[in-house]
Structure formats: C-alpha cells, structure tokens
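Some notes on the structure that comes next.
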Amino acid sequence: MVVMRVKPTPIPPGLTSGVEHFSIDYHAAIQRGIDPDVSIRAKQDFVACDYGLIAISDRFRSVLVNNGISGVSSVALAGSDNYAILLPDVVAETDVDHCGVEFHRPCSCCGRYRETCLFPMIDTMTLPDSDLTIFASAVPAENVHTADQWFLTTKTVVDILRANKITGVEYSEAY
C-alpha cells in the first residue's frame, strides 16, 4: 500500500490563528454545498486546501474515470471550472487499539483528538479488495487546526497516476 498526500509546502507566518475547528464535520459541510465564490487557481493536479481537504483537477478526475479507479468522489466547485474537492467513499475499518497511532488531547465537545502522531499500520486496516481503489483510514491525521485527509492506494494506481503525469502528489510506502 502507498500513502498519497500533497507535497508539503511551507505555511507563511501569520496564517494560523490557533483557533480550534473541532466542532465542524467538514466532509458533511462540503456535501451540503460550497459557496459559489470559492475557487482554486493552481498548476498541480492534487492540491492542498484549507481544513485538510484535497482538491483535484479535471485531468486527475478523468484519469480516475478512464482507468476505472474507484473509492473516491468529488464535489464540484461552482467558482472553479477545473477543480473539485476529493472525498473518500471507501474508508478502511482500522483497529484503533492496535494501529500504532498516538492519540493526544481529546476535545471535550466532540471527542476528536487535537493531535494524532504516526499513521495507522496497514495490517490493522481492513483493505479494499480491488487494486484500483483509492481509500482513507478510519483514523484521520488530526492536528490542532483540523483533520488532514490522507489517501491510500495500491502500487497499481500509483503506476497509472505516474504514467499520466499527475502532479502535486507525494507517494510514501505505507507499513
């Protein structure tokens, strides 16, 4: 298995306020609709957005559809004609007690952790049967500001994405 995440870029000073966003389910909010003035202007196919969300280009979506890659869906942005927010449809059950993730400081309101350290071990997840699936772990990567969305996939999908020169993705071996 391979972890897919946005290639990290430095965050300019002054953009983090320290305000916690734990009471909002951003995926549910996205499914309800995105304001029409939200837009993305980027050169990459796989782009980091606020609140740990990922946007993908129409080119990326076409590669997924044309190759029968499943496990994710996208929510169009009215203000962007070339990008959509990527959401996991397949979430791998993960044995929280044995996954190897350190959980720190649960929120007293919603129970989400203010920080998780490490990524869940693959052998503690119930993996999809298809080699043509992109999915997420049931244990998100939490930090003080939000839950970052990390996607996992197989080497088969990585080879397809690389062959199509999908940009903005960093691939790391998952253990």
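In this text the structure is predicted, and so the values were computed from the model without any measurement.
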Under 4.5 Å between side-chain heavy atoms, counting indirect links through other Ile/Leu/Val/Met/Phe/Trp/Tyr residues: same cluster for Tyr171 and Leu86 or not? yes
side-chain hydrogen bond (donor to acceptor under 3.5 Å, both in side chains) partners of Asp95, counting only residues at least two apart: His98
Distance from Ser73 atom OG to Ile85 atom CD1, nearest 0.5 Å? 11.5 Å
Nearest-0.5 Å distance, CD1 of residue Ile69 to OG1 of residue Thr154: 8.0 Å
Residue pair Pro88 / Ala136: nearest heavy atoms and the distance that separates them: CB-CB, 3.8 Å
Ignoring hydrogens and geometry, is there a side-chain-to-backbone donor-acceptor pair from Thr94 to Ala92 under 3.5 Å? yes
Side-chain polar contacts of residues 122-135 - donor-acceptor pairs under 3.5 angstrom, sequence neighbours left out - could you list them?
from: Thr124; atom 1: OG1; to: Met121; atom 2: O; distance (Å): 2.6
from: Ser130; atom 1: OG; to: Leu132; atom 2: N; distance (Å): 3.0
from: Thr133; atom 1: OG1; to: Ser130; atom 2: O; distance (Å): 3.3

Check this for me: Asp81, atom CG, are more than 12 non-hydrogen atoms of other residues, nucleotides or ligands nearer than 6.0 Å? no
Only residue of Ile160, Asn164, Val158, Ile166 satisfying side-chain contact (heavy atoms from CB on, under 4.5 Å) with Arg162 is Val158
Please report the shortest heavy-atom distance between Phe151 and Leu87, naming the atom on each side. CE2-C, 4.3 Å
Can you name the closest pair of heavy atoms from Leu152 and Ala174 and give their distance? CD2-CB, 4.3 Å
If you measure from CG on Leu161 to CG on Asn67, what distance do you get to the nearest 0.5 Å? 8.5 Å
Minimum-distance pair of heavy atoms, taken over all atoms of Cys99 and Val139: SG-CG2, 4.5 Å
Using side-chain hydrogen bond (donor to acceptor under 3.5 Å, both in side chains) as the criterion, list what pairs up with Ser74, not counting sequence neighbours. Arg61
Kindly write out the residues that satisfy salt bridge (charged side-chain N to carboxylate O under 4.0 Å, His left out) with Arg59, not counting sequence neighbours, or none if the list is empty. Asp45
Beyond-backbone contact of Ile56 with Val72, side-chain heavy atoms, under 4.5 angstrom: no
Applying side chain to side chain contact (heavy atoms under 4.5 Å, CB included) to Ala42 and not counting sequence neighbours gives Ile40, Gln44, Val47, Tyr83
